[in-house]
Amino acid sequence: MIKYKKKIVFSAIQPSGNATLGNYLGAIKNWRDMQDEYDCIFALADLHAITVRQKPKELKENVIRNYALFIACGIEPEKCNFFIQSHVTAHSQLAWILNCHTQIGELSRMTQFKDKSKQHTENINAGLFTYPCLMAADILLYDTNFVPVGRDQKQHVEIARNIAQRFNSTYGETFILPEPLIPKLGAKIMSLKNPEKKMSKSSLDEDSTIFILDKPDLIIKKIKRAVTDSESSVKFTENETTGINNLIVIYSCITNKTFLEIEIEFENKGYGFFKNKVAEAIIEKFSSIQKKFDLLIKDKDFLEKCQKESTRKASEKASITLSRIYEKIGL
Ligand code: AQP
């Protein structure tokens, strides 16, 4: 196996819509902060996105918009490798091989499959079921050490690890065993309308989700409408999933203030006042990203150049791993 100078980080995100505050705090912000210390490889997982029916024209546009948006969020194509999953064919090739090395039983335990098949009863396709094999392929192709993800994706990194371990014990040392990196804070930002559910980009109730590209008025409106309980004090309650806990976590992630500092800051101030401050903090954080995005999305040449170069680098690395695997299994 190749010895790399820096530890390798891989993570991906679906361009299935507009990225959310949850995606930002649970994933993108942490990717941005890892680019100097690690050899980072990030992807827009468009092959994963088609496990749910997409409109082709919209998907194409979403890929370009999200590519520009993540650069605006601080993903630097000069520092890391940021590419589009379907452009590197080794992902689908390895996914098939891993399909043949994964048990139906372990796939049926995946909570995302259970949730999404309830959500999309009209289209419970095989890809939705074998999604973890493609995700394992994404990770294992790059000899990844760490996978920074939100808490909802931990189970998928664990199955990737199990598949890798089983493969290694059958064919000899082939894959590095990846570990999930879950942020201490912001690993699961909850829906603003239902704090029992995670904030999601495909939620049917738009008021439950803040999108990175939401304009200030809309952010204020959504935060004002966010569910809070009947109490009125801004206090974090351990082990409970309440609307106020969710807003405290969001405010803490954005301002870097501790829960105690927040409780002191808003003592006797009431929810209305607190919500205004939360909205202001989000608006401030997203306004510079939105300005950068507005410029980048017009610069098609730059975006295309970055994509081409990243595809070339990723394909090169991935094909080395794929040859190693073909050799092991006798293809
Ligand atoms: N609410 C969240 N809080 C913290 N982290 C989150 N992530 C997603 N939602 C939250 C993290 O973002 C990364 C990319 O996720 P994804 O878009 O590839 O898939 P997802 O988890 O299925 O995200 P969504 O928003 O719920 O998309 P849809 O609605 O299309 O299914 C992952 O690291 C994830 O943990």
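Counting starts at 1 for both ligands and their atoms, in listed order. Start at 1 with the first residue, then count along the sequence. These values consider heavy atoms only, across backbone and side chains, with no hydrogens, waters or symmetry-generated copies.
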For ligand 1, which is the ligand I care about here, please tell me if [X] has any N or O atom under 3.5 Å from one of the ligand's N or O atoms.
{"X": "Gln112", "value": "no"}
{"X": "Ser203", "value": "no"}
{"X": "Gly150", "value": "yes"}
{"X": "Ile189", "value": "yes"}
{"X": "Ser11", "value": "no"}

Fill in the blank from the handout: Taking only non-hydrogen atoms of Ala187 and a 4.0 Å limit, the atoms of ligand 1 in range are 3 (N), 4 (C), 5 (N)
Practice task
Going by heavy-atom distance to atom 23 (O) of ligand 1, choose the closest among Lys198, Met199, Gln14.
Solution key: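 Of the listed residues, Lys198 has the closest heavy atom.
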Heavy atom of [X], distance to ligand 1 below 4.0 Å:
{"X": "Gly17", "value": "no"}
{"X": "Ala45", "value": "no"}
{"X": "Gly186", "value": "yes"}

Practice task
Scan for side chain to side chain donor-acceptor pair (under 3.5 Å) pairs involving residues 106-118, sequence neighbours excluded, and state none if there are none.
Solution key: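 Of all non-adjacent pairs touching residues 106-118, those that pass side chain to side chain donor-acceptor pair (under 3.5 Å) are Glu106-Arg166, Thr111-Gln155, Gln112-Gln153.
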Report the part of [X] (side chain from C-beta onward, or backbone N, CA, C, O) that has a heavy atom under 4.0 Å from ligand 1; answer both or neither where that applies.
{"X": "Ala27", "result": "side chain"}
{"X": "Ser200", "result": "both"}
{"X": "Lys188", "result": "backbone"}
{"X": "Lys116", "result": "side chain"}
{"X": "Asp152", "result": "side chain"}

Is atom [atom1] of [X] surrounded by more than 12 heavy atoms (other residues, nucleotides or ligands) closer than 6.0 Å?
{"X": "Lys313", "atom1": "NZ", "result": "yes"}
{"X": "Leu331", "atom1": "CG", "result": "yes"}
{"X": "Lys300", "atom1": "NZ", "result": "yes"}

Practice task
Check the hydrophobic clustering (I, L, V, M, F, W, Y; side-chain heavy atoms under 4.5 Å; chains of links allowed) and say if Val249 and Val227 are grouped together.
Solution key: no
Practice task
Consider only side-chain heavy atoms of I, L, V, M, F, W and Y, link residues closer than 4.5 Å, and tell whether Ile283 and Leu192 are in one cluster.
Solution key: yes
Just need the protein heavy atom nearest to [atom], so name the residue and atom and give the distance.
{"atom": "atom 29 (O) of ligand 1", "value": "Ser202 OG, 2.4 Å"}
{"atom": "atom 15 (O) of ligand 1", "value": "Asn23 ND2, 3.6 Å"}
{"atom": "atom 30 (O) of ligand 1", "value": "Ser16 OG, 3.0 Å"}
{"atom": "atom 14 (C) of ligand 1", "value": "Ile13 CG1, 3.3 Å"}
{"atom": "atom 32 (C) of ligand 1", "value": "Gln153 CG, 3.8 Å"}
{"atom": "atom 16 (P) of ligand 1", "value": "Lys201 NZ, 3.7 Å"}
{"atom": "atom 6 (C) of ligand 1", "value": "Gly22 O, 3.5 Å"}

Practice task
Check whether any side-chain heavy atom of Tyr67 lies under 4.5 Å from a side-chain heavy atom of Phe82, and answer yes or no.
Solution key: yes
Exercise for the section: Report yes or no: does Asn145 contribute a side-chain atom to a donor-acceptor pair with the main-chain N or O of Ile8 at less than 3.5 Å? Expected result: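 Yes, because the side chain of Asn145 sits within donor-acceptor range (under 3.5 Å) of the backbone of Ile8.
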Using the ring centroid of each side chain, check whether [X] and [Y] are separated by less than 6.0 Å.
{"X": "Tyr271", "Y": "Phe266", "value": "no"}
{"X": "Phe42", "Y": "Phe83", "value": "no"}
{"X": "Tyr142", "Y": "His91", "value": "yes"}

Practice task
Apply salt bridge (charged side-chain N to carboxylate O under 4.0 Å, His left out) to the pair Glu327 and Arg324, showing each step before the final yes or no.
Solution key: CA-CA 5 Å; Glu327 187 63 33; Arg324 188 167 86 214; over 6 Å; no
Handout entry: Point-to-point distance, once rounded to the nearest 0.5 Å, from OG of Ser208 to NZ of Lys197
Key = 7.5 Å
